[in-house]
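Whatever order the structure lists them in is the order used to number ligands and atoms, beginning at 1. The figures that follow rest on heavy atoms only: side chains count, while hydrogens, waters and symmetry mates do not.
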Amino acid sequence: MTVPDVRLNDEAMMPQLGFGVFQVSDEEAEHAVEVALRDGYRSVDTASAYGNEEGTGRALRASGLPREELFVTTKLWNSDQGYDRTLQAFDASMRRLGLDYLDLYLIHWPMPGHDTYMDTWRAFEKLKEDGRIRSIGVSNFTVDALRRVMDESGTVPAVNQIELHPYFQQDELRAFHQEHGIHTEAWAPLGQGQGLLDDPVLAGIAQAHDRTPAQVVLRWHVQVGNVVIPKSVTPRRIAENIDVFGFDLAPEEMQAIAGLDKGTRVGPDPATFEMA
Ligand SMILES: NC(=O)C1=CN([C@@H]2O[C@H](COP(=O)(O)OP(=O)(O)OC[C@H]3O[C@@H](n4cnc5c(N)ncnc54)[C@H](OP(=O)(O)O)[C@@H]3O)[C@@H](O)[C@H]2O)C=CC1
Ligand SMILES: O=C(O)C(=O)[C@@H](O)[C@H](O)C(=O)CO
């Protein structure tokens, strides 16, 4: 299974579908990433906060795949924000991953009340200038935080990784990303497996294509243009989730899914999430 790439605003290419490892132990991540890489995934999304960078790194090395065929993302946790702390946290993540460069580094949350994301971003720019990171981006950033990063640094984040699924479609933020050349990456693309996958509209579309509701949701993301990083530790689902490039949703099916938006999150609100 080959996944198409998207071109980021710094000209780097990123697979449109990757593999997420939130809420997966280090050992489980090693096994799940090995399965995913065998099934054709080439992009992996981890974070220092997930506690599984080491297992992820072991699986990447065990795959024997050339480094340039892999796209690895990790994230700077909230308690490491600030210029010097970021440089140290990056080194620690790279040691755990066992990599000598990173494809994409994200500020995990803006924590606007702490007011440290600008210093953090300057460290990201330095790491990119030094060739240690290919692309720098953010996660859970609001329009206000994105504007400030762009206005004060002059650098446009390559990616904003945000909660996004049919029940929480983020039209306004996606439009802002499009206007400024920021790529939208969807976390919890399957709504974290809660409720969404039982939706009767998705069930009907899935039945019409002889696919599963999860495949329909992931196909919707792909056709909308999002980068997606579904997580699973179940081998059958890992294979199913990457098998979404052999069918198309019709305009009326895309429209029906657009109509499912409830504006309800499964995760924290970035405007107020300050956990450090
Ligand atoms: N930047 C951020 O703040 C955040 C980033 N993320 C990133 O995004 C990734 C994806 O988001 P995540 O929160 O994990 O949620 P997802 O939307 O990917 O859902 C994962 C859940 O769905 C289940 N599932 C997966 N595939 C299927 C399927 N085909 N059919 C039915 N159920 C399925 C999984 O079960 P099982 O594993 O048991 O198969 C798991 O319970 C994370 O792993 C992480 O990398 C996530 C949260 C926040
Ligand atoms: O998974 C992530 O990447 C997250 O940041 C979230 O899970 C977040 O830490 C959270 O949900 C805390 O309750």
So do [Y] and [X] actually touch side chain to side chain, heavy atoms under 4.5 Å?
X      : Y      : answer
Gln170 : Thr184 : no
Val217 : Pro166 : yes
Asp80  : Thr86  : no
His114 : Gln81  : no
Leu164 : Arg174 : yes

Considering only the protein, which heavy-atom contact is closest to [atom], and what is its distance?
atom                    : value
atom 47 (C) of ligand 1 : Trp187 CE3, 3.1 Å
atom 44 (C) of ligand 1 : Tyr50 OH, 3.4 Å
atom 26 (N) of ligand 1 : Asn241 ND2, 3.0 Å
atom 11 (O) of ligand 1 : Ala188 N, 3.0 Å
atom 41 (O) of ligand 1 : Gln192 O, 4.0 Å
atom 12 (C) of ligand 2 : Phe273 CZ, 3.7 Å
atom 42 (C) of ligand 1 : Phe22 CB, 3.4 Å
atom 9 (C) of ligand 1  : Ile229 O, 3.2 Å
atom 14 (O) of ligand 1 : Lys231 CB, 3.2 Å
atom 8 (C) of ligand 2  : Trp109 CZ2, 3.9 Å

Show me which atoms of ligand 1 lie under 4.0 Å from any heavy atom of [X].
X      : answer
Gly193 : 19 (O), 21 (C), 22 (O)
His108 : 1 (N), 2 (C), 3 (O)
Thr234 : 36 (P), 38 (O), 39 (O)
Val21  : 43 (O), 45 (O)
Pro230 : 18 (O)
Asp45  : 7 (C), 44 (C), 45 (O)

Is it the side chain, the backbone, both or neither of [X] that has a heavy atom closer than 4.0 Å to ligand 1?
X      : value
Ala214 : side chain
Ser139 : side chain
Leu197 : side chain

Under a 3.5 Å threshold, yes or no: a donor from one side chain and an acceptor from the other, between [X] and [Y]?
X      : Y      : answer
Glu253 : His209 : yes
Gln223 : Arg219 : yes
Lys128 : Tyr105 : no
Ser93  : Glu53  : yes

task = Just say parallel, tilted or perpendicular for the rings of Phe19 and Tyr41, cut-offs at 30° and 60°.
result = perpendicular
message = Parallel, tilted or perpendicular, judged at 30° and 60°: which one describes the rings of Phe273 and Trp109?
response = tilted
Given [options], which has its nearest heavy atom closest to [atom]?
atom                    : options                : answer
atom 23 (C) of ligand 1 : Arg237, Glu240, Glu185 : Arg237
atom 3 (O) of ligand 2  : Tyr50, Trp187, Trp77   : Tyr50
atom 11 (O) of ligand 2 : Ala188, Pro268, Ala49  : Pro268
atom 17 (O) of ligand 1 : Asn140, Asp243, Leu190 : Leu190

Just how far is it from atom [atom1] of [X] to atom [atom2] of [Y], taken to the nearest 0.5 Å?
X      : Y      : atom1 : atom2 : value
Leu87  : Thr120 : CG    : OG1   : 10.0 Å
Asn160 : Trp187 : CG    : CH2   : 11.5 Å
Ile205 : Gln215 : CD1   : CD    : 13.5 Å

Quick one: does [X] get within less than 4.0 Å of ligand 1, heavy atoms only?
X      : value
Lys75  : yes
Gly191 : yes
Trp109 : yes
Thr212 : no

request  = Record the part of His108 in heavy-atom contact with ligand 2 below 4.0 Å; permitted values are side chain, backbone, both and neither.
outcome  = side chain
ask   = Against heavy atoms of Phe22, which atoms of ligand 2 measure under 4.0 Å?
value = 1 (O), 7 (O)
query = With a 4.0 Å cut-off on heavy atoms, is Ala47 touching ligand 2?
reply = no
Pair [X] + [Y], salt bridge at N-O below 4.0 Å:
X      : Y      : result
Asp26  : Arg58  : yes
Arg134 : Asp10  : no
Lys126 : Asp130 : yes

request  = Look only at interatomic distance and state if Pro189 has a nitrogen or oxygen under 3.5 Å from any nitrogen or oxygen of ligand 1.
outcome  = yes
inquiry  = Cation-pi check for Phe176 against Arg147: NZ or CZ below 6.0 Å from the six-membered ring centre and within 45 degrees of the axis, yes or no?
reply    = no
